[in-house]
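What's counted below: heavy atoms across the whole structure, side chains too, no hydrogens, waters or symmetry copies. Sequence lines set the chain letters: A, B, ... in the order given, protein chains first and strands last, and positions in each chain run from 1.
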There are 2 protein chains.
Amino acid sequence: MKNKEIQEKRMKEYFIQATKSILKGEGLKSISVRNIADQAGYSYATLYNYFKDVNDLIFLCVNDFQEECKLFVISKTKKTPKGLDRIKDTVFAYISYFVEYPGIFDLFYLARVGDFGNKQTTINVISNSLDDVCESEWNYCISRNLLPIEKLDSFKNQLKYAVIGLLLLYLNRRTPDSYSEFMDQANFQIDNILGLNNSNRTSTSIKNEN
Amino acid sequence: MKNKEIQEKRMKEYFIQATKSILKGEGLKSISVRNIADQAGYSYATLYNYFKDVNDLIFLCVNDFQEECKLFVISKTKKTPKGLDRIKDTVFAYISYFVEYPGIFDLFYLARVGDFGNKQTTINVISNSLDDVCESEWNYCISRNLLPIEKLDSFKNQLKYAVIGLLLLYLNRRTPDSYSEFMDQANFQIDNILGLNNSNRTSTSIKNEN
DNA sequence: CAAATATAATTAACATTGTTAATATATACA
DNA sequence: TGTATATATTAACAATGTTAATTATATTTG
């Protein structure tokens with residue numbers, strides 16, 4: 001039946017929307033089956049008619065958040081001139097997204113998954129999250145010879161590890177203990193990797209430094 | 001009374017030892033009040049006569065593990081010639097420690113703390129964990145002019161963020177999905193930061209690459 | 001040494017969690 | 001309309017952290 005599929009999809013969406021809302025607001029620590037079901041307007045057991053378990057549901061949100069993050073980044077960087085400066089701002093915007101929604105950082109990088117087996121695509125989305133957000137900018141830089149193509153993977157990986165390390169220590173261990181110090185650190189790390197060392201930043205995201 | 005203090009200290013040690021044993025073995029996910037108390041040979045409620053709550057107890061283990069990690073690193077690197085090579089091996093050994101005991105990585109970097117207020121010293125131990133392990137080696141390099149002192153903090157931070165990012169993705173997201181690829185990544189990142197780019201590694205820890 | 005008191009350890013109990021089984025309700029079809 | 005099927009809800013379970021009540025054990029005091 002076609003109706004059944006439509007209805008099932010709708011039901012799933014109700015639960016997914018509820019889960020996303022909690023993750024963006026109270027965060028992962030406030031996620032519970034009863035909490036989600038409340039927000040969706042159903043009983044907690046109903047959830048199990050549409051999802052294997054609560055992890056299944058939670059990790060379905062990853063794709064939506066990744067899309068949202070990408071849009072967030074684009075809206076924050078479209079004024080920056082294309083090129084390495086825009087790469088830098090893109091990475092900054094990526095960081096800002098997770099600082100604004102720490103619960104989503106928890107979901108992407110900290111949450112434990114019961115069964116990794118059938119979630120490989122989700123894991124891949126997460127692992128490529130930053131690359132995905134930066135992809136078109138990298139392509140631009142390569143096409144304009146703004147960076148040697150053989151350095152591309154190296155830059156991507158360095159940025160990925162640095163950004164995750166920075167966010168983890170700041171969001172989870174309050175190190176550094178102020179936002180401005182954290183942003184200074186991020187600025188320095190990114191400049192270092194992209195070879196913008198001499199750097200007086202003039203790009204837009206400097207405004208976020210508070 | 002002095003006896004009371006001695007006895008109290010002993011009791012605390014029993015619980016701490018039990019907690020450490022579980023963390024090193026089954027990992028953080030297997031920690032529970034009843035589990036710890038079982039291993040310590042007491043009832044679960046007894047724990048609350050000596051610790052405010054279970055987080056209090058868990059985070060007391062951090063200092064011991066940091067010490068253990070330092071000894072682990074020393075034993076793995078003492079044959080390497082002092083200098084930047086030994087810095088590199090030290091970082092590798094640090095990584096190996098957490099790969100061997102992923103539960104301790106969870107404790108150090110992933111575990112959520114209910115109340116950050118009175119745990120600031122613990123947070124500091126964690127945030128300075130890698131620097132602490134490398135400290136004497138950095139001092140050596142500085143004293144022999146093997147690296148300019150004004151670059152010291154930069155190197156420390158770059159290594160810290162890269163190492164935490166690498167470990168987080170590997171241990172928590174299985175990325176890269178093989179140990180040897182992970183070690184290759186680590187090798188590359190460390191070389192890059194320390195300026196050993198041309199690199200054919202000859203130091204001891206290469207043996208761990210499996 | 002024995003009784004009274006203080007201290008420490010245990011069991012009982014509660015609220016919250018994820019999940020499953022049993023039951024009720026709505027929908028589809030004859 | 002009445003029966004079969006699908007879907008939603010309540011009840012129940014086991015495990016969690018934590019606190020209160022209770023029991024056992026030391027310690028002090030006569």
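In this structure, B/Tyr42 places its OH atom 13 Å from C1' of C/dT10, rounding to the nearest Å. Between the CD1 atom of B/Ile36 and the P atom of D/dT16 there is a distance of 11 Å, given to the nearest Å. Following rounding to the nearest Å, A/Asn35 (CG) and C/dA15 (P) show an atom-to-atom distance of 19 Å. Between the CZ atom of B/Phe51 and the P atom of D/dG17 there is a distance of 15 Å, rounded to whole Å. Regarding A/Tyr48, its OH atom lies at a distance of 4 Å from the P atom of C/dT19, rounded to whole Å. Here the C1' atom of nucleotide C/dT10 and the CG atom of B/Leu47 are 13 Å apart, to the nearest Å. When the P atom of D/dG17 is taken as reference, atom CG of B/Asp56 falls 14 Å away, rounded to whole Å. Separating the CD1 atom of A/Ile6 from the P atom of D/dA6 is a distance of 18 Å, rounded to the nearest angstrom.
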Would you give me the side-chain donor-acceptor pairs under 3.5 Å for residues 33-46 of chain A, sequence neighbours excluded?
{"unit_1": "A/Asn35", "atom_1": "ND2", "unit_2": "A/Ser30", "atom_2": "O", "d": "2.7"}
{"unit_1": "A/Gln39", "atom_1": "NE2", "unit_2": "A/Ser21", "atom_2": "OG", "d": "2.8"}
{"unit_1": "A/Thr46", "atom_1": "OG1", "unit_2": "A/Ser43", "atom_2": "O", "d": "3.4"}

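Partner A/Asp132 forms a salt bridge (Lys or Arg N to Asp or Glu O under 4.0 Å) with one of A/Lys156, A/Lys70, A/Lys160 and no other, that one being A/Lys70.
Annotation: proximity of residues 26-34 of chain A to DNA chain C (heavy atom, distance under 4.0 Å) is found for A/Ile31, A/Ser32, A/Val33, A/Arg34, numbered in ascending order. For residues 10-23 of chain A, proximity to DNA chain D is found at A/Met11, defined as any non-hydrogen atom under 4.0 angstrom from a strand atom.
The pair A/Lys29-A/Asp106 does not count as a salt bridge, with every side-chain nitrogen at least 4.0 angstrom from each carboxylate oxygen. Electrostatic pairing of A/Lys79 and A/Asp89 does not count as a salt bridge here, judged by no charged N lying under 4.0 Å from a carboxylate O. The residues A/Glu68 and A/Lys24 are annotated as salt-bridged, a charged nitrogen and a carboxylate oxygen being separated by less than 4.0 angstrom.
Residue B/Asn172 comes nearest to A/Tyr109 through the heavy atom pair ND2-O, 2.8 Å, listed as atom of the first residue, atom of the second, then distance.
Within the helix from C/dC1-D/dG30 to C/dA30-D/dT1, the inter-axis angle between the opening and closing five-pair segments is 20°, rounded to 10°.
B/Asp64 meets the side chain to side chain donor-acceptor pair (under 3.5 Å) test with B/Lys20; sequence neighbours excluded. The side chain to side chain contact (heavy atoms under 4.5 Å, CB included) test applied to B/Glu8 returns B/Lys12, B/Tyr50, not counting sequence neighbours.
When distances are taken from the side chain of B/Ser43 to each of C/dT11, C/dG18, D/dT7, the shortest belongs to C/dT11. In the set C/dA9, C/dT19, D/dT18, C/dT19 carries the atom at the smallest distance from any side-chain atom of A/Val54. Candidate nucleotides D/dT9, C/dA9, D/dT18 were compared by shortest atom distance to the side chain of B/Asp53, and D/dT18 ranks first.
A/Tyr50 has no side-chain polar atom (N or O) that falls below the 4.0 Å cut-off from OP1 or OP2 of D/dT7.
Note: A/Phe98 and A/Phe108 meet the aromatic proximity criterion, with ring centroids under 6.0 Å apart. Between B/Tyr101 and B/Tyr97, the distance from one ring center to the other falls under 6.0 angstrom.
Donor-acceptor pairing under 3.5 Å is recorded for the side chains of B/Ser129 and B/Gln66.
Residues B/Ser154 and B/Gln158 have side chains in contact (heavy-atom distance under 4.5 Å, counting atoms from C-beta outward).
The base of D/dA15 has none of its N or O atoms less than 3.5 Å from a complementary donor or acceptor on the side chain of B/Tyr44.
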